[in-house]
Amino acid sequence: MRKKFIAGNWKMNLDNAAAVTLARELTRSLGDFVAADVAVCPSFVYLSAVAVSLKGGSITLGAQDVFYEANGAFTGEVSVAMLKDVGCTYTIIGHSERRHIIGEGNALINRKTRAALAGGVLPILCIGELLEERERGKTEAVLEEQLREGLVNISAQDMCKITIAYEPVWAIGTGKTASPQQAQDAHAFCRKIIADIFDKTTAQSVRIQYGGSVKADNAAELLGQPDVDGALVGGASLKVNDFIAIVKAGAKT
Ligand code: 13P
């Protein structure tokens with residue numbers, strides 16, 4: 001049984017005071033809750049402040065991106081060691097907003113993933129198809145390519161440390177959630193590809209989160225699907241009660 005993993009991606013939202021308050025309220029509400037793994041991923045600039053607010057609770061800290069070089073002349077970038085230094089357990093890599101707004105490709109995403117693994121920060125590797133790709137029947141081809149190219153030169157042992165986040169781009173921030181069946185089908189397909197790249201045991205242990213308009217009122221049904229092992233939550237993770245409800249839905253399924 002894979003323990004559910006609910007992560008809040010705060011994206012480019014909140015200010016220092018609001019991030020600290022949100023983290024503090026979540027920590028107070030959840031206490032030492034362990035029925036699901038929970039992480040929050042604030043902007044880089046608020047990681048340290050949020051880390052302080054999370055102290056004493058069970059919520060872990062994640063970043064929204066990372067660079068693959070260890071240090072040096074890479075203006076504006078943040079290394080894996082820097083993320084560790086401020087207390088990050090996880091980092092999101094290859095989010096659709098970075099793929100489609102910033103222009104990141106699978107090769108870069110793979111380098112970042114390998115660097116995170118080498119430096120001891122657990123990757124949340126995001127994949128997902130555009131609406132036009134789904135409409136043209138290309139969903140599986142896109143997911144397969146993103147997985148195969150994103151997971152190049154990664155060992156089975158390291159694969160077990162990666163969380164895959166399936167986020168159909170058309171469902172992100174749109175209020176259009178994938179149906180539980182669409183999510184289940186995509187997750188089962190991803191698991192099949194992971195089994196093909198690595199092996200069945202590895203594929204069975206990897207957690208695959210769903211992301212895209214997950215809300216308090218649809219979380220239970222999505223998280224109830226056999227291959228949906230958690231959620232990567234955007235908008236609803238900015239509201240204490242909504243995020244807590246999603247976490248609790250994860251604990252029940
Ligand atoms: P929303 O939950 O706002 O649709 O965002 C999903 C997402 O992109 C999480 O990474």
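We count ligands from 1, going down the list as the structure has it; atoms in each ligand are counted the same way. It should be emphasised that the depicted structure is a prediction, and the values quoted were computed from it without experimental measurement.
With hydrogens and angles ignored, the 3.5 Å screen pairs a side-chain donor or acceptor of Arg99 with a backbone N or O of Gly94. Put simply, the side chain of Asp185 never gets that close to the backbone of Gln182: no donor and acceptor are under 3.5 Å apart.
Regarding atom 5 (O) of ligand 1, its nearest protein heavy-atom neighbour is Lys11 NZ, 3.2 Å. Taking atom 2 (O) of ligand 1 as the reference point, the nearest protein heavy-atom neighbour is Gly234 N, 2.9 Å.
Considering backbone and side-chain N/O atoms, Leu232 never comes within less than 3.5 Å of an N/O atom of ligand 1. The N/O atoms of Thr174, backbone and side chain alike, include none that comes under 3.5 Å of an N/O atom in ligand 1.
Atom numbering of ligand 1 starts at 1 in the shown order; those under 4.0 Å from a heavy atom of Glu167 are 6 (C), 7 (C), 8 (O), 9 (C), 10 (O). Taking every non-hydrogen atom of Gly212 and a distance limit under 4.0 Å, the qualifying atoms of ligand 1 come out as 4 (O), 6 (C). Interface of Gly235 with ligand 1, defined as ligand atoms under 4.0 Å from a residue heavy atom, comprises 1 (P), 2 (O), 3 (O).
In this structure, a donor-acceptor pair under 3.5 Å is present between the side chains of Asp199 and Thr202. For the residue pair His95/Glu167, the side-chain donor-acceptor check at 3.5 Å is satisfied. Between Ser79 and Asn71, the side chains place no donor N or O within less than 3.5 Å of an acceptor N or O (distance only, hydrogens not considered).
Heavy atoms of Ala171 approach ligand 1 to within less than 4.0 angstrom. For the pair Ala236 and ligand 1, no heavy-atom separation below 4.0 Å is found.
Residues meeting the ring-ring contact (aromatic ring centres under 6.0 Å, His included) test with Phe44, sequence neighbours left out: none.
At a heavy-atom cutoff of 4.0 Å, ligand 1 is contacted by both the backbone and the side chain of Ile172.
Put simply, the side chain of Leu147 reaches to within 4.5 Å of the side chain of Ile164, judged on heavy atoms.
Taking the six-membered ring for Trp, Tyr90 and Phe5 have ring centres closer than 6.0 Å.
Relative to atom 1 (P) of ligand 1, the option among Gly128, Gly175, Ser213 with the closest non-hydrogen atom is Ser213.
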